[in-house]
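Notes to accompany the following structure.
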Amino acid sequence: VINLDKIISAFELSRGVKQGTIKIHLSIETPQAVKKLSSIVSASTRVEAVYLGILDLYAELGISQRYASSDFARFVKCRFVFEARSLRVYPVGPAYQEYQDLEGFEREALEEKSLGFAGKNCISVRQVEVANRVFSPSKEEIEEAKRIVELYEKALKEGKGGVVYGGLFVDQPIYKDALNKLKFAT
């Protein structure tokens, strides 16, 4: 990662591109990489996303790929998401190998979204539309987020620590969640 960062920096410099413009997305596929995710990601400020190559990981561990939807897979995914999110990079869910099964792809994408993944690796162009739909906030979520941000910022200007919206007490964590939704909407 350090060497890649140097190569990218040299390329940006040679082309007159602002330093740091080009980002790095890493594929994490070995037990060692999962265990050392923090040091790998910290090697460059360019690292923006990490993809979990779970089938490669299983092959390295000697675990049958038939268990890609097992409790162990869920454990690995949860740990991966927690580590990535704590490092402020986007965790991307593993590829769904049955590329023609869009319903299965969507089920897995929805589950991974609920675990905190920011997106899903697609190995077929037909999967892209499904992934975009699953991982992008809906129009209703965007409108609600805008309203929450507006109300909360108004409350802060009035010296209040929070505000009620739709039966929900909106304070800093809810406000940050709304800002995150708006960030993904653009």
Fill in: For P137 against I142, the heavy-atom pair lying closest together
O-CD1, 3.8 Å
Discussion item. Working to the nearest 0.5 angstrom, can you tell me the gap between I174 CD1 and L179 CG?
Written reply: 11.5 Å
Discussion item. Using a 3.5 Å distance criterion without hydrogens, assess whether the side chain of K113 forms a donor-acceptor pair with backbone atoms of V134.
Written reply: yes
For residues 87-96, tabulate all N or O donor-acceptor pairs below 3.5 Å that involve a side-chain atom, not counting sequence neighbours.
residue, atom, partner, partner atom, Å
R88, NH1, R85, O, 3.4
Y90, OH, K183, NZ, 3.3
Y96, OH, D101, OD2, 3.0

Worksheet entry | Contacts of type side-chain hydrogen bond (donor to acceptor under 3.5 Å, both in side chains), residue Q100, not counting sequence neighbours | none
Discussion item. Applying a strict under-4.5 Å side-chain criterion to I, L, V, M, F, W and Y, I'd like to know whether L4 and F11 cluster together.
Written reply: yes
Fill in: With E141 via salt bridge (charged side-chain N to carboxylate O under 4.0 Å, His left out) - residues at least two apart
none
Fill in: Distance, nearest 0.5 Å, that separates CD1 of I22 from CZ of R46
6.5 Å
Item to complete: List for me each residue that meets side-chain hydrogen bond (donor to acceptor under 3.5 Å, both in side chains) alongside E60, sequence neighbours excluded, and say none if there are none.
Response: none
Worksheet entry | ILVMFWY cluster, V130 and V125 together (side-chain gap under 4.5 Å) | no
Practice prompt. Could you tell me the separation between the CZ atom of F117 and the CG atom of L52, rounded to the nearest 0.5 Å?
Written response: 5.5 Å
Fill in: Residue pairs fulfilling salt bridge (charged side-chain N to carboxylate O under 4.0 Å, His left out) with at least one residue in residues 120-137, sequence neighbours excluded
E106-R133, E108-K120, E112-K120, E129-R133
Worksheet item: Rounded to the nearest 0.5 Å, how far does CZ of F72 lie from NZ of K77?
Response: 12.0 Å
Worksheet item: What distance separates D5 CG from I24 CD1, expressed to the nearest 0.5 Å?
Response: 5.5 Å
Worksheet item: Is R147 salt-bridged to E144, going by a charged N under 4.0 Å from an acidic O?
Response: no
Discussion item. If hydrophobic clusters are built by linking Ile, Leu, Val, Met, Phe, Trp and Tyr wherever their side-chain heavy atoms come under 4.5 Å apart, do L156 and V163 end up in the same one?
Written reply: yes
Worksheet item: Does any non-hydrogen side-chain atom of T30 lie less than 4.5 Å from one of D56?
Response: no
Fill in: All pairs passing salt bridge (charged side-chain N to carboxylate O under 4.0 Å, His left out) where residues 18-40 contributes a residue, at least two apart
none
Worksheet item: Apart from V164 itself, what residues make up its hydrophobic cluster, given side-chain heavy atom links below 4.5 Å?
Response: F169
Discussion item. Taking ring pair (Phe, Tyr, Trp, His ring centres under 6.0 Å) as the cut-off, I'd like each qualifying pair that reaches into residues 30-54, sequence neighbours left out, listed once.
Written reply: none
Fill in: Cluster overlap I7 with I40, hydrophobic side-chain contacts below 4.5 Å
no
Worksheet item: Does I123 share a hydrophobic cluster with I28, counting links as ILVMFWY side-chain heavy atoms below 4.5 Å and allowing steps through other members?
Response: no
Item to complete: Kindly write out the residues that satisfy salt bridge (charged side-chain N to carboxylate O under 4.0 Å, His left out) with E48, not counting sequence neighbours, or none if the list is empty.
Response: none
Fill in: Transitive ILVMFWY cluster of I2, excluding itself - 4.5 Å side-chain cut-off
none
Item to complete: Check whether more than 12 heavy atoms from other residues, nucleotides or ligands sit under 6.0 Å from atom CD of E103, and answer yes or no.
Response: no
Worksheet entry | Counterpart residues, side-chain hydrogen bond (donor to acceptor under 3.5 Å, both in side chains), relative to K160 (two or more places apart) | E158
Response to the item:
Heavy atoms of A84 and L37 approach each other most closely as N-CD2, 4.1 Å
Worksheet item: Quick one: side-chain hydrogen bond (donor to acceptor under 3.5 Å, both in side chains) partners of S42, sequence neighbours excluded?
Response: none
Response to the item:
d(L57 CG, L61 CG) to nearest 0.5 Å is 4.5 Å
Worksheet item: Does OH belonging to Y165 count more than 12 external heavy atoms closer than 6.0 Å?
Response: yes
